[in-house]
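Side chains included, hydrogens not; waters and symmetry mates left out as well; all remaining heavy atoms used. When a ligand or atom number is given, it counts from 1 through the structure's own listing order. Just so it is clear, the structure is predicted and the values come from calculations on it, not from any experiment.
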Amino acid sequence: MEKAISELAKLPGIGRKSAQRLVFYLLKLPKYEVQQLADALYAIKEKVNFCTICFNITETDLCHICASDKRDRTTLCVVEEANDVLALEKTGEYNGLFHVLGGALSPLEGIGPNDLHIKEMMTRLNGTIQEIIIATNPNTEGEATSLYLEKLIKPLEIKLTRIARGLPVGGDLEYADEITLTKALEGRVVL
Ligand code: ZN
C-alpha cells in the first residue's frame, strides 16, 4: 500500500491525499481492471517513442503529423511539450508542422539550451520553413525560451511570430481552452 501511495504521489498534480484516494479506489476494482491499467502504463514506455523529427509522441518512427502529406510544411510551431501539440491540434486551426522542445529554459532548475531540442530545431530550418510560430507557455520560463529562440532565429530572416493574445499570463498552454488557443494563434505577433 505504502509503496503504491508514494509512487503515485510522485506524479504531477497528485499529492499524498489524492494518491491515497486512488489506491483505495484501485483496491475496490476487480483484479483484471487493475491489470489493464498496469499494462497500459507499462506500454507507455514499451511502445511510445518520440518522433525522430519533431519529438512529438508516436508509436512509430515518425509522428502522424510529420508523416502526413496534408500538412503545410512551410510553417513550424515550436512548443514546450507534446501535450501542447495535442492542445493546438484540438483547435483544428493549425495545419503546419510542430517542433517539441521537451521543456523550457530554466536557470533555476538547471535547464539550459543543450537540454532542449533546440539544435534539432535549427537543423530543420533549411529553406522550406517560411514562418516559425513560437508557442511556449506565457510564464517566465516560456518567455525566456522565446527570447532565446528569437535571438537564434532572427539572423536567418525567417518570419518569426509569437502567439500571445488571450492567454492568461503565468498559465500553461495545455490548460487553455480551444477558443482561447485559436485566438492566440490568430493574434500572433511578428517578433
Ligand atoms: Zn513528428
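- Residues passing the salt bridge (Lys or Arg N to Asp or Glu O under 4.0 Å) test with E33: none are found, sequence neighbours excluded.
- Two residues are said to be in side-chain contact when any heavy atoms from C-beta on lie closer than 4.5 Å; R124 and I53 meet this criterion.
- The distance cut-off of 2.8 Å around the Zn ion (ligand 1) captures these protein N, O or S atoms, sorted by chain and number: C51 SG, C54 SG, C63 SG, C66 SG.
- Within the 4.5 Å cutoff, the side chain of H64 has no heavy atoms near those of the T58 side chain.
- Residues forming a salt bridge (Lys or Arg N to Asp or Glu O under 4.0 Å) with E141 (at least two apart in sequence, or on another chain): none.
- In this structure, the salt bridge (Lys or Arg N to Asp or Glu O under 4.0 Å) partners of E2, at least two apart in sequence or on a different chain, are R16.
- Looking at heavy atoms from C-beta onward, M122 lies in side-chain contact with L125 at the 4.5 angstrom threshold.
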